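One-based numbering along the sequence shown. Both ligands and their constituent atoms are indexed starting at 1 by order of listing. Quantities reported herein were computed from a predicted structural model and do not represent experimental measurements.
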Amino acid sequence: MPLQAGKPVIVLDGPAGAGKSSVGKEVARRLELPFLDTGAIYRAIALFMLRDNITPSDTSKLTERLRSFSISFADGRVLACGEDVTSAIRTPKIDREVSAYSAVPEVRGSIIDIQRQGKSEGLVAEGRDMASVIFPDADLKIFLTASPEARARRRYNERLEREGMADYDEILNLVNRRDARDSKVTPLEPAHGAIYFDTTGMRFEEVVESILEHAAKLK
Ligand code: DC
């Protein structure tokens, strides 16, 4: 379906830690489009389920709790069921546990409509199934990846900056384990029509500029 001119849907797929969030946010800011961080939705769900001691295998309790789950984004903050969870969803515990929840089909199914809400107004959305499942008719599909070591290094630097300490080997281990788990849910491969970006040796600004060049061709 053709989308309104000037209101493109731009999607970034790829494995965890490839820079989808930071690159996507900057591309959105430069194009003055809303940014949809779908990983944050899965993280918020994991946070709420863990608090309520609902395990990923307890499908009936999960489904029940999901009925009253809501999420919104405002001024860079993430509000889940009205609560600001921006920091709470970025902890090592959530990093460890989130894949198990995001792998549950009922969880994935329950947030399809939430993710598509802003589509007609144009947006930049990031998440591993954006091009394949949520926005298969996106105007621009970017597959962002980087070596596990480069992705672990970025997470390490982010955590070091945020918390003053971080363990690179532990993070690399986690990246490899999450790739293995996440790839069971959605293949870590570019969707049909996606542009492949290996950002291993690229600077942040270079990645953003290249995507903006592709976006400029949409007009
Ligand atoms: O990108 P992230 O680290 O914030 O993602 C959190 C988890 O959710 C990660 O395990 C991948 C998963 N995820 C997903 O399965 N589908 C998405 N669209 C976004 C994230």
### Task
Answer yes or no: is there an ion pair linking Asp58 with Arg65, defined by an N-O contact shorter than 4.0 Å?
no

### Query
In terms of side-chain geometry, is the basic nitrogen of Glu64 or Lys61 positioned less than 4.0 Å from the acidic oxygen of its partner?
no

### Query
Do Arg162 side-chain atoms and Arg90 backbone N/O form a donor-acceptor pair below 3.5 Å?
yes

#### Entry: Region of Arg181 that comes within reach of ligand 1 [heavy atoms, distance under 4.0 Å]
neither

### Query
For ligand 1, is any non-hydrogen atom under 4.0 Å from Arg96's backbone (N, CA, C, O), its side chain (CB onward), both, or neither?
neither

Below 4.0 angstrom from a heavy atom of [X], which ligand 1 atoms are there? Numbered from 1 as shown, please.
X      : result
Gly127 : 17 (C), 18 (N), 19 (C)
Ser99  : 10 (O)
Ser102 : 8 (O), 10 (O), 12 (C), 15 (O)
Arg108 : 14 (C), 15 (O), 16 (N)

Return a yes/no value for [X]: is any of its N or O atoms, backbone included, closer than 3.5 angstrom to an N or O of ligand 1?
X      : result
Lys20  : no
Asp129 : yes
Arg178 : yes

### Stacked cation flag Arg116 on Phe135, 6.0 angstrom / 45 deg
no

### Task
Give a yes/no on ligand 1: does Met130 have at least one heavy atom closer than 4.0 angstrom to it?
yes

### Task
Please verify whether a non-hydrogen atom of Arg155 lies at under 4.0 Å from ligand 1.
yes

### Query
Going by the angle between their ring planes, with limits at 30° and 60°, are Phe48 and Phe69 parallel, tilted or perpendicular?
perpendicular

